[in-house]
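Only one structure is covered here, and it is reproduced in the block below.
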Amino acid sequence: QVQMVESGGGSVQTGGSLRLSCVVSGYTYSTYCMGWFRQAPGKEREGVAGLGRAGITTSTYADSVRGRFTISQDNAKNTLYLQMNSLKPEDTAMYYCAARTLGPGLICPAVRYWSGADFGYWGQGTQVTVSS
């Protein structure tokens, strides 16, 4: 049984930083597409940053966060991270880590093509609030 548990959310002022963590357990697939979504009130859920592994590991970011957010993983700790710097009020949202398996020959698409419906594993979410 796959479990994903996020932590690290909170309230910061504009320009501040937060690091989100997602501890993943029970995920034994060697190929995957894993990363972070966010959803603000009244808005669509959007992919923020992702890691894809199909032989090699690649990262992908939404245009709105590229250069400010960094996704990484610690395999020894089974943990996915999202380092968020230079936070803006528009980054305020509930952040979710999520994962999906990749079929044979498939690669993890760029975040801008992500759909939540394609992801079968989700964490419970952690709130990020950025005040101006």
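In what follows, every heavy atom counts, from backbone to side chain, and hydrogens, waters and symmetry copies are set aside. Here the structure is a predicted model, which is why all the values come from computation and not from measurement.
Scanning both residues, Ala49 and Leu82, for their nearest heavy atoms gives CB-CD1, 3.8 Å. Heavy atoms only, all atoms of each residue included: Asp91 and Val130 are closest at CB-CG2, 4.3 Å. The minimum heavy-atom distance between Tyr96 and Gly125, with the atom names listed, is CD2-CA, 3.5 Å. Pairing each heavy atom of Cys33 with each of Pro109, the nearest pair is SG-CD, 4.2 Å.
Listed by chain and residue number, Met4, Tyr27, Tyr121 satisfy the side-chain contact (heavy atoms from CB on, under 4.5 Å) test with Val2 (two or more places apart in sequence, or in another chain).
The neighbour count for Leu106 CG, taken as heavy atoms of other residues, nucleotides or ligands under 6.0 Å away, is above 12. In Gln127, the CD atom is crowded: over 12 heavy atoms of neighbouring residues, nucleotides or ligands sit closer than 6.0 Å.
For the pair Thr126 (side chain) and Gly9 (backbone), a donor-acceptor distance under 3.5 Å is present. Thr60 places a side-chain N or O within donor-acceptor distance of the main-chain N or O of Val111, the cut-off being under 3.5 Å. Arg68 places a side-chain N or O within 3.5 Å of a backbone atom of Ser86 that can act as its donor or acceptor partner. The closest donor-acceptor contact from the side chain of Thr79 to the backbone of Val23 lies at 3.5 Å or more, if one exists at all.
Linking Ile, Leu, Val, Met, Phe, Trp and Tyr residues whenever their side-chain heavy atoms come within less than 4.5 Å leaves Leu80 and Phe119 in two separate clusters. By the criterion of side-chain heavy atoms lying less than 4.5 angstrom apart, applied directly or through intervening Ile, Leu, Val, Met, Phe, Trp or Tyr residues, Trp122 is grouped together with Met94 in one hydrophobic cluster. When the side chains of ILVMFWY residues are joined at heavy-atom separations under 4.5 Å, either directly or via intervening members, Val48 and Tyr61 end up in a single hydrophobic cluster.
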* Could you go through the side chain to side chain contact (heavy atoms under 4.5 Å, CB included) check for Ser17 and Gln83 one step at a time? => CA-CA 8 Å; Ser17 297; Gln83 177 67 43; 4.0 Å; yes
* Chi angles and distances behind the side chain to side chain contact (heavy atoms under 4.5 Å, CB included) call for Ile71, Tyr81 -> CA-CA 6 Å; Ile71 188 170; Tyr81 300 102; over 6 Å; no
* Asked: Leu20 and Val128: side chain to side chain contact (heavy atoms under 4.5 Å, CB included), yes or no, with the steps?
  -> CA-CA 9 Å; Leu20 305 184; Val128 172; 4.0 Å; yes
* To do: I would like to know whether Glu6 and Gln124 meet side chain to side chain contact (heavy atoms under 4.5 Å, CB included); could you show each step before the answer?
  => CA-CA 7 Å; Glu6 303 101 332; Gln124 81 287 354; 2.7 Å; yes
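With contacts defined as side-chain heavy-atom distances shorter than 4.5 Å, the pair Thr14/Ser131 does not qualify. Side-chain atoms of Phe69 and Asn85, non-hydrogen and from C-beta on, never get closer than 4.5 Å to each other. Counting heavy atoms from C-beta outward, Glu46 and Arg38 have side chains that approach closer than 4.5 Å. Two residues are said to be in side-chain contact when any heavy atoms from C-beta on lie closer than 4.5 Å; Leu51 and Thr58 fail this criterion. Side-chain contact between Glu90 and Ser132: absent, with no pair of heavy atoms (C-beta onward) separated by less than 4.5 Å.
With values rounded to the nearest 0.5 angstrom, Ser59 atom OG is found 10.5 Å from Gln73 atom CD. To the nearest 0.5 Å, atoms OG (Ser11) and CG (Leu18) are separated by 8.5 Å. Once rounded to the nearest 0.5 Å, the distance linking SG of Cys22 with CE of Met34 reads 7.5 Å.
Taking the centre of each ring, Trp114 and Phe37 come in below the 6.0 Å mark.
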